[in-house]
Amino acid sequence: MFRKLLIANRGEIALRVICACKELGIRTVAVYSEADRNSLHVRFADEAICIGPPRSSDSYLNVPAVISAAEIADVDAIHPGYGLLSENANFAEVCRASNIKFVGPPPEVTRLMGEKEKARQAMKKAKVPILPGSDGVLQSEGEASDWARSIGFPVILKASAGGGGRGMRVIRSEQELPQLFQAAQTEAANAFGNGDLYLEKFIERPRHIEFQVLADEHGNVISLGERECSIQRRHQKLIEEAPSLQMMPKLREEMGKTLRRCLSAIGYQNAGTVEFLMDEDGKLYFIEMNTRIQVEHPVTEAVTGIDLVKAQLRIACGEPLSAILPEPVSISGHAIECRINAEHPEKFTPSAGRITAFNVPGGNGVRVDTAQYAEGVVPPYYDSLIAKLIVHGKDRAEAMARMSRALEMFVVEGIHTTIPLHRRILEDAEFRQGSFDTKFMERFLARFSERSAERPGESERERREQQLAPG
Ligand code: MV4
């Protein structure tokens with residue numbers, strides 16, 4: 001096993017990696033920005049090194065600063081967490097050149113999956129279902145038009161260097177194409193330094209379903225089932241569940257086999273997530289692969305009993321899956337995660353500041369992953385996730401009841417959070433019924449405004465806050 005590992009991240013995921021290292025007897029090195037001096041990842045790591053000013057670009061994203069810290073601390077490995085440098089193939093290459101093990105897939109695979117159109121073709125070649133669409137990147141607007149006509153409108157233009165919803169355009173008719181093609185190309189070139197586009201059939205009301213996989217360094221791959229991630233707003237997930245109510249056991253098993261074959265062929269290693277859209281007929285289509293541990297990994301941990309971060313570390317040390325996994329791997333019960341973000345309830349804009357009171361729920365089937373504490377400060381420089389509340393129950397009904405009571409017992413004062421919003425979602429009939437798609441939040445928020453409109457004499461803000469408030 002590694003002797004010493006550097007965590008190139010902050011917040012709850014840095015703490016999550018520290019937990020796994022402590023359990024495996026690995027010494028830990030935290031890196032932190034000037035805004036994170038008093039953070040728990042600094043406190044609980046064996047060593048901590050300040051790598052720069054508050055802004056991520058000056059600290060957590062500064063490759064020379066991170067590598068220097070790793071060399072000074074003399075670590076064997078780096079865990080990148082999620083976001084930041086986790087899917088940066090160049091960083092993984094620098095780690096390799098510095099003789100430091102990057103806990104993740106080889107840079108070549110990260111690079112392949114980062115080019116969305118190449119990833120799509122690789123999946124197609126391995127017989128993973130993809131949507132009808134262009135073969136390779138579009139060379140011209142004319143080519144886009146030809147593909148769109150042969151596939152049939154509506155279609156969606158996507159940036160090959162994009163992902164996570166950035167730089168996409170839905171095209172509903174031939175007339176719209178020239179303008180939207182130009183707009184998408186310009187946006188992609190500006191945002192990613194690469195204007196390459198591809199095109200797919202557009203699915204109007206998809207569900208977002210993703211498969212968690214683990215691959216060792218000896219060609220063995222396993223699928224740990226799916227997560228339902230359709231409850232999202234502006235491409236930010238709010239609630240994730242495992243398993244998905246929409247997934248038939250036969251399809252899950254079939255996808256598992258397909259993914260094992262495909263990812264073994266690609267030479268995938270370590271933890272990864274394969275994202276799919278599910279159409280109204282329950283068919284799955286590959287959209288993207290994420291080559292990192294994800295925010296929502298705990299729901300899979302809850303239903304499989306597998307510690308995914310420990311598995312990542314053991315895989316990176318060369319252990320085979322057969323030594324890591326229980327026999328057999330099975331999925332039991334139902335898990336739900338609510339992302340607790342520091343956000344204004346009505347605008348979903350970041351809410352930084354000092355936390356004046358903090359009570360974390362516990363009890364049977366409840367897990368909270370957080371690096372926050374009472375009197376702690378949420379800095380304005382980073383993403384707004386301050387805690388993840390994960391519950392596990394024997395079925396979805398028990399998980400929902402557990403989530404409701406845990407949200408009630410979760411106290412965060414001094415800043416705004418998404419806790420009141422989650423409490424309302426948990427009461428929503430459509431959510432409880434469980435057959436939602438990625439448009440759920442739009443409908444949910446519209447139901448809200450309608451009810452607010454029926455209450456004259458209050459400001460919009462007062463109404464919204466009252467409706468979002470507990471009780
Ligand atoms: C799509 C789509 C409909 N049809 N592709 C958004 C994020 C990126 N990973 C892919 N996305 C989408 N791709 C086709 N062919 C709709 C979306 C989409 C979406 C997907 C998953 C979760 C939430 C979403 C919200 C809006 C659009």
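Whatever order the structure lists ligands and atoms in, that order sets their numbers, starting from 1. Note that the structure is predicted; figures quoted are calculated from it, not measured.
- With respect to E240, the side chain to side chain donor-acceptor pair (under 3.5 Å) criterion is satisfied by exactly one of Q232, R227, K388, R339: R339.
- By the 3.5 Å distance cut-off applied to N or O atoms, E200 is counted among the residues near ligand 1.
- An N or O contact shorter than 3.5 Å is missing between Q232 and ligand 1 by distance.
- Residues passing the salt bridge (Lys or Arg N to Asp or Glu O under 4.0 Å) test with R172 are E204, sequence neighbours excluded.
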*Would D36 and Y60 satisfy side-chain hydrogen bond (donor to acceptor under 3.5 Å, both in side chains), going step by step from the backbone distance to the final call?*
CA-CA 11 Å; D36 281 339; Y60 298 106; 2.5 Å; yes

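- Ion pairing between E187 and R169 holds under the 4.0 Å rule for side-chain N and carboxylate O.
- Between E228 and R396 there is no salt bridge, since none of the side-chain N atoms of the basic residue sits less than 4.0 Å from a carboxylate O of the acidic one.
- Listed by number with element, the atoms of ligand 1 under 4.0 angstrom from any heavy atom of L131 are 15 (N).
- Atom 27 (C) of ligand 1 has H235 CE1, 3.8 Å as its closest protein atom, hydrogens excluded (heavy atom only).
- In terms of N/O distances under 3.5 Å, ligand 1 is approached by E288.
- In terms of protein heavy atoms, atom 17 (C) of ligand 1 is closest to M168 CE, 4.3 Å.
- The existence of a salt bridge linking R120 and D135 is excluded, since no basic side-chain nitrogen approaches an acidic carboxylate oxygen closer than 4.0 Å.
- Here the heavy atom of the protein found nearest to atom 20 (C) of ligand 1 is L277 CD2, 3.8 Å.
- Those atoms of ligand 1 with a heavy atom of I156 less than 4.0 angstrom away are 5 (N), 14 (C), 15 (N).
- Taking every heavy atom of I287 and a limit of under 4.0 angstrom, the matching atoms of ligand 1 come to 9 (N), 10 (C).
- At a 3.5 angstrom cut-off on N or O pairs, I203 counts as close to ligand 1.
- Among E442, E275, H208, the residue whose heavy atom lies closest to atom 21 (C) of ligand 1 is H208.
- Taking the centre and axis of the six-membered ring of F348, the NZ or CZ atom of R233 falls inside the cone set by 45° and 6.0 Å.
- Annotation: salt bridge (Lys or Arg N to Asp or Glu O under 4.0 Å) contacts of R314 (sequence neighbours excluded): E319.
- The distance from ligand 1 to the heavy atoms of K201 drops below 4.0 Å at these ligand atoms: 4 (N), 14 (C), 15 (N).
- Of the protein's heavy atoms, K158 NZ, 2.9 Å lies nearest to atom 5 (N) of ligand 1.
- For the salt bridge (Lys or Arg N to Asp or Glu O under 4.0 Å) with E430, the lone residue among R447, K439, R424 that qualifies is R447.
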